[in-house]
Amino acid sequence: VQLQASGGGLVQPGGSLRLSCAAPGIIFKINPVGWYRQAPGEQRGLVAGIMRGGQANYADSVKGRFTISRDNAKNTVYLQMNSLKPEDTAVYYCNTIPSSNTWGRGTQVTVSS
């Protein structure tokens, strides 16, 4: 089962974007869901995760700037990204936690002036 990410784009440093992740209902209800990112030449890593009950966790690099949330009625997880920095440039993916071997479509986020 693939979770599909959307909402990326080009933004200036200091700007904001909101990413969305549509997940099948069964996956959404059972598993924690996370946002991962992969920059060129780097390994993919988890930046934010949200548990079934709504508890959120963040990588130190995005803490205080990114907010993960979920809409249970829409089976959707969001990532609100504020105060974006050039080092946030990456392809962003959503997946379960721990991640499955199947990755859906990512969405490119580019932070540049």
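As the structure is a prediction and not an experimental result, all values here were calculated from the model. Keep in mind that the numbers below use all heavy atoms, side chains included, and drop hydrogens, waters and symmetry copies.
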Name the atoms and distances for all side-chain donor-acceptor pairs under 3.5 Å in residues 105-113, with sequence neighbours left out.
residue, atom, partner, partner atom, Å
Arg105, NH2, Ala5, O, 3.4
Thr107, OG1, Gly8, N, 2.9
Gln108, NE2, Ala90, O, 3.4
Gln108, NE2, Thr110, OG1, 3.3

Problem set entry | is_close_aromatic(Trp103, Tyr36), centroid dist under 6.0 Å | yes

Exercise. Under 3.5 Å, side chain of Ser99 to main-chain N/O of Thr96, donor-acceptor pair present?
Worked result: no

Exercise. What pairs with Tyr93 under side-chain hydrogen bond (donor to acceptor under 3.5 Å, both in side chains), at least two apart in sequence or on another chain?
Worked result: none

Side-chain donor-acceptor contacts of residues 46-62 below 3.5 Å, not counting sequence neighbours, with atom names and distances?
residue, atom, partner, partner atom, Å
Tyr58, OH, Ile68, N, 2.9
Asp60, OD1, Lys63, NZ, 3.2

Problem set entry | Heavy-atom side-chain proximity of Thr89 to Glu87 below 4.5 angstrom | no

Exercise. Listed by chain and number, what are the side-chain hydrogen bond (donor to acceptor under 3.5 Å, both in side chains) partners of Asn31, not counting sequence neighbours?
Worked result: none

For this session: First locate atom CZ of Arg44, then atom CZ of Arg37, and finally report the distance between them rounded to the nearest 0.5 Å.
Result: 13.5 Å

Exercise. Could you walk me through whether Thr67 and Tyr78 pass the side chain to side chain contact (heavy atoms under 4.5 Å, CB included) check?
Worked result: CA-CA 8 Å; Thr67 302; Tyr78 302 98; over 6 Å; no

For this session: With the side chain counted from C-beta on, respond yes when Trp35 and Asn95 share a heavy-atom pair under 4.5 Å apart, and no when they do not.
Result: no

Seminar exercise, completed: Hits for side-chain hydrogen bond (donor to acceptor under 3.5 Å, both in side chains) against Arg70, two or more places apart or cross-chain, chain-then-number order -> Asn72

Side-chain donor-acceptor pairs under 3.5 Å in residues 11-24, sequence neighbours left out?
residue, atom, partner, partner atom, Å
Ser16, OG, Asn82, OD1, 2.9

